[in-house]
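Before any comments, here is the structure.
Each ligand, and each atom within it, is numbered from 1 in the order the structure gives. Treat the numbers as computed from the prediction; the structure is a model and nothing was measured. FYI, side chains are in, hydrogens and waters are out, and symmetry mates aren't considered; it's all heavy atoms of this structure.
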Amino acid sequence: VAITTANSNAVDWAAWSRFFEKRSQRPLPPLDLRTNYSNLPASLGQSLATFQLAESGGGKIAAEARNSRLKGIDKEYAAAIDLFVREERRHANILAMCVRLLGGSLLQRDWTATMFTMLRRIGGLRSKVLVLLAAEVVGICYYSTIASQLQPGPVQRWLLELVNDERAHLRFHCSFLRSQTDTRMKRLLFVGAWRVVSYAAMLTVIVHHRQALRDMQLDFGVVWQRWMAVSQQARRLVVNQVPTTLDAELNDGHCPV
Ligand SMILES: [Fe+2]
Ligand SMILES: [Fe+2]
């Protein structure tokens, strides 16, 4: 059943909040110690510890969404973003388990995680979501790239589960940004800002995690191409005026795009 509203930019936030609500029932996966990861480089554990730190923040955006007077934003959106923040904290817990299995240790500080937190705090809801969208692109690409180099086992399984969650987050943020870019001028502004923010995020992560990428035998050019593709997909989801559709997929755990 496709629900198309008169205004194609309007989003059914209640559907998103139900979607996140359902996923919030998932318990943490049990710790599985059967796989031996001693063959993997220490840089990988360190790298994932940085992501663990970056995934553990958040919370202020939910309060901002509750008080927002932006067009098309309602209490259902605020409820959805609150659940989204909790889902990211679950990611932090899963990544902490990955770091432990890889023999690494958790970080208290990291300059890229601090920068990410600071960027999330500046500006209004729209610029915050733009920064979060860049983080989803980074998460999708980084976790899937690393997972592709791992032997089957819990770390690979968990990272792929995270990728699946981040894909839904990407669509969630794109739906929000689409609802906020209802004129040609706003769409142009978004495209410019998105280019700057997504390039900066990708470059920072490639430089900061170059050791782990190199140790995992990943080709920087291939990694960059993948990131560009996902970044462009996000741009298309925002600026191409795709009507909001809801269907039975929602009930199977798929996101309501
Ligand atoms: Fe995440
Ligand atoms: Fe995410």
**OP:** Round to 10° and report the angle made at the Fe ion (ligand 1) by ND1 of H91 and OE2 of E166.
**Re:**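 Angle ND1(H91)-the Fe ion (ligand 1)-OE2(E166): 100°, rounded to 10°.
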Subject >> Apex the Fe ion (ligand 1); atoms E88 OE1 and E55 OE1; angle rounded to 10 degrees >> reply: 80°
**OP:** Tell me who clusters with L107, hydrophobic residues only, linked when side chains sit under 4.5 Å apart either directly or through other members.
**Re:** L53
Original post:
Of all the atoms in E136, is at least one N, O or S atom closer to the Fe ion (ligand 2) than 2.8 Å?
Top reply: yes
**OP:** Return yes when at least one N/O/S atom of H169 is nearer than 2.8 Å to the Fe ion (ligand 2), and no when none is.
**Re:**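 H169 does place an N, O or S atom closer than 2.8 Å to the Fe ion (ligand 2).
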Original post:
Do W194 and L188 belong to the same hydrophobic cluster, where Ile, Leu, Val, Met, Phe, Trp and Tyr are linked whenever their side-chain heavy atoms lie under 4.5 Å apart, directly or via other members?
Top reply: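 W194 and L188: separate clusters.
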Subject >> Test salt bridge (Lys or Arg N to Asp or Glu O under 4.0 Å) applied to R187 and D182, step by step >> reply: CA-CA 7 Å; R187 285 193 285 277; D182 53 356; over 6 Å; no
Subject >> Rounded distance [0.5 Å steps], CD in Q52 versus CG in L106 >> reply: 5.0 Å
